[in-house]
Undergrad: 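I have a structure I would like to understand better, so I am pasting it below and will then ask my questions one at a time.
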Amino acid sequence: MTLHSDVAELLAEAGILDVDVDDAVADEHVRSSAYQRVVSVTASSRSRNRDRAIVATILRDPVELVSKTAVVALVDRIAMKATGPAEFRQWSAELLPEIDQLKTEGFREFIRRRVHDWLF
């Protein structure tokens, strides 16, 4: 997969049609904004079936700060929406293996701590 195809796929699956994929690929700020919109659509969905795949795709972004920020936003939104700790624990357990894609240990640990904080 390429960044272009990843961004195009995320936007298409979220039904976001007003973001130029070429602009998003060229500019990490545009891409970050697009990811935030994808996260919003994803978190609003009743189905959690695609969350891990969406996170995996976002985490392939070459700018780790952009991808970490989007994943943290998704974690926060899902945690606030979860009906209880058991639901969030199960969801996050399925997601956490994807976090290992991040090369920066501090980013991996930040997301793990964020999940832990929500469970606490």
Side-chain angles (χ1 to χ4, degrees):
M1 301 294 278
T2 65
L3 181 59
H4 190 280
S5 64
D6 282 348
V7 171
E9 177 185 327
L10 287 170
L11 293 171
E13 287 181 7
I16 300 170
L17 307 174
D18 62 342
V19 174
D20 184 284
V21 175
D22 292 330
D23 289 347
V25 169
D27 186 334
E28 68 191 63
H29 299 96
V30 174
R31 201 165 57 252
S32 180
S33 176
Y35 288 162
Q36 291 300 320
R37 291 179 63 192
V38 167
V39 162
S40 179
V41 169
T42 301
S44 297
S45 172
R46 291 179 185 235
S47 172
R48 305 274 52 97
N49 295 338
R50 295 272 308 133
D51 291 0
R52 184 173 178 170
I54 290 167
V55 166
T57 302
I58 290 172
L59 288 174
R60 286 195 295 263
D61 193 286
V63 181
E64 286 194 326
L65 182 59
V66 169
S67 58
K68 180 209 67 130
T69 301
V71 171
V72 168
L74 182 61
V75 166
D76 290 347
R77 287 175 179 248
I78 298 300
M80 288 186 277
K81 184 179 176 179
T83 58
E87 179 185 354
F88 182 69
R89 185 175 290 108
Q90 179 181 352
W91 178 83
S92 62
E94 294 172 9
L95 177 88
L96 284 176
E98 297 302 331
I99 304 308
D100 290 334
Q101 288 188 54
L102 289 168
K103 293 177 183 83
T104 306
E105 183 178 343
F107 290 165
R108 290 190 310 264
E109 288 306 312
F110 183 87
I111 295 171
R112 286 188 179 103
R113 278 194 314 270
R114 186 62 146 245
V115 167
H116 180 270
D117 289 349
W118 277 110
L119 289 170
F120 181 69

Undergrad: Quick check: closest heavy atoms across Val41 and Ala14, and the distance to 0.1 Å?
TA: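 Looking at all heavy atoms of both residues, the closest pair is CG1-O, 3.6 Å.
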Undergrad: Is any side-chain heavy atom of Glu64 closer than 4.5 Å to a side-chain heavy atom of Leu59?
TA: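 Counting from C-beta outward, Glu64 and Leu59 never come under 4.5 Å.
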Undergrad: Please report the interatomic distance CD1(Ile54) to OG(Ser45), rounded to the nearest 0.5 Å.
TA: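 Here the rounded value is 8.0 Å.
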Undergrad: Can you list everything that forms a side-chain hydrogen bond (donor to acceptor under 3.5 Å, both in side chains) with Arg108? Sequence neighbours excluded, please.
TA: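 Checked Arg108 against side-chain hydrogen bond (donor to acceptor under 3.5 Å, both in side chains); zero matches.
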Undergrad: Partners of Asp6 by side-chain hydrogen bond (donor to acceptor under 3.5 Å, both in side chains), sequence neighbours excluded?
TA: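 For Asp6 the side-chain hydrogen bond (donor to acceptor under 3.5 Å, both in side chains) partners, ignoring immediate neighbours, are Arg60.
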Undergrad: Measure the spacing between CG of Leu10 and CZ of Arg31 and express it to the nearest 0.5 Å.
TA: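 With rounding to 0.5 Å, CG (Leu10) is 11.5 Å from CZ (Arg31).
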Undergrad: List the residues meeting side-chain contact (heavy atoms from CB on, under 4.5 Å) with Ser5, not counting sequence neighbours, and say none if there are none.
TA: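 In terms of side-chain contact (heavy atoms from CB on, under 4.5 Å), with neighbours along the sequence ignored, Ser5 is linked to Met1, Thr2.
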Undergrad: For residues 83-98, pull every pair meeting salt bridge (charged side-chain N to carboxylate O under 4.0 Å, His left out), keeping only residues two or more places apart or in separate chains.
TA: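 Of all non-adjacent pairs touching residues 83-98, those that pass salt bridge (charged side-chain N to carboxylate O under 4.0 Å, His left out) are Arg52-Glu98.
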Undergrad: Using the test side-chain hydrogen bond (donor to acceptor under 3.5 Å, both in side chains), find all partners of Ser40 that sit at least two apart in sequence or belong to another chain.
TA: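 If we apply the side-chain hydrogen bond (donor to acceptor under 3.5 Å, both in side chains) test to Ser40, skipping adjacent residues, the hits are Arg77.
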Undergrad: Considering only heavy atoms from C-beta outward, does the side chain of Tyr35 approach that of Val7 to under 4.5 Å?
TA: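 A side-chain contact exists here, since the closest heavy-atom pair is under 4.5 Å.
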Undergrad: Decide yes or no for Asp20 and Val30: does some side-chain heavy atom of the first lie under 4.5 Å from some side-chain heavy atom of the second?
TA: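 SC-SC contact between Asp20 and Val30 ruled out.
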Undergrad: The criterion is side-chain hydrogen bond (donor to acceptor under 3.5 Å, both in side chains); which residues satisfy it with Asp22, sequence neighbours excluded?
TA: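 If we apply the side-chain hydrogen bond (donor to acceptor under 3.5 Å, both in side chains) test to Asp22, skipping adjacent residues, the hits are His4.
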Undergrad: Taking only residues two or more places apart in sequence or in another chain, which ones pass side-chain contact (heavy atoms from CB on, under 4.5 Å) with Ile78?
TA: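 Ile78 satisfies side-chain contact (heavy atoms from CB on, under 4.5 Å) with Ala43, Arg48, Asp51, Leu74, Phe88, Trp91 once adjacent residues are dropped.
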Undergrad: Can you pull out every salt bridge (charged side-chain N to carboxylate O under 4.0 Å, His left out) where at least one residue sits in residues 110-120? Sequence neighbours excluded, please.
TA: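 Applying salt bridge (charged side-chain N to carboxylate O under 4.0 Å, His left out) to every pair that reaches into residues 110-120, excluding sequence neighbours, yields Asp76-Arg114, Asp100-Arg112, Glu109-Arg112.
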Undergrad: Please find the pair of heavy atoms, one from Ala70 and one from Val39, that lie closest to each other, and give the distance.
TA: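 Nearest pair, atom of Ala70 first, then Val39: O-CG2, 3.4 Å.
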Undergrad: How would you list, by chain and number, every residue that makes a salt bridge (charged side-chain N to carboxylate O under 4.0 Å, His left out) with Glu9, sequence neighbours excluded?
TA: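 In terms of salt bridge (charged side-chain N to carboxylate O under 4.0 Å, His left out), with neighbours along the sequence ignored, Glu9 is linked to Arg50.
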Undergrad: If you look at every heavy atom in Phe107 and Leu65, which pair is closest and at what distance?
TA: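 That would be CE1-N, 3.7 Å.
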Undergrad: Do any pairs count as a salt bridge (charged side-chain N to carboxylate O under 4.0 Å, His left out) and have a residue in residues 33-43, sequence neighbours left out, and if so which ones?
TA: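 As it turns out, the salt bridge (charged side-chain N to carboxylate O under 4.0 Å, His left out) pairs with a partner in residues 33-43, which skip direct neighbours, are Asp18-Arg37.
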Undergrad: Taking it one step at a time, do Val38 and Glu13 satisfy side-chain contact (heavy atoms from CB on, under 4.5 Å)?
TA: CA-CA 9 Å; Val38 167; Glu13 287 181 7; over 6 Å; no
Undergrad: So do the side chains of Ser92 and Val75 get within less than 4.5 Å of each other, counting heavy atoms only?
TA: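 Side chain of Ser92 against side chain of Val75, heavy atoms only: no contact under 4.5 Å found.
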Undergrad: Name all residues meeting the side-chain contact (heavy atoms from CB on, under 4.5 Å) criterion together with Asn49; count only those two or more places apart in sequence or in a different chain, and write none if there are none.
TA: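 Result, side-chain contact (heavy atoms from CB on, under 4.5 Å) vs Asn49: Ser47.
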Undergrad: Rounded to the nearest 0.5 Å, what separates atom CD1 in Ile16 from atom OG in Ser33?
TA: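 Interatomic distance, Ile16 CD1 to Ser33 OG, rounded to 0.5 Å: 9.0 Å.
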Undergrad: Please list, chain by chain and in numerical order, all residues satisfying side-chain contact (heavy atoms from CB on, under 4.5 Å) with Ala34, sequence neighbours excluded.
TA: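 For Ala34 the side-chain contact (heavy atoms from CB on, under 4.5 Å) partners, ignoring immediate neighbours, are Leu11, Val19.
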Undergrad: Test side-chain contact (heavy atoms from CB on, under 4.5 Å) on Gln36 and Thr69 and set out the steps.
TA: CA-CA 9 Å; Gln36 291 300 320; Thr69 301; 3.8 Å; yes
Undergrad: Met80, Leu119: one ILVMFWY side-chain cluster at the under-4.5 Å cut-off?
TA: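 They do share one cluster, since a chain of ILVMFWY contacts under 4.5 Å joins Met80 to Leu119.
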Undergrad: Are Ile99 and Leu102 packed together at the side-chain level, in the sense that at least one heavy-atom pair is separated by less than 4.5 angstrom?
TA: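 Ile99 reaches Leu102 side chain to side chain.
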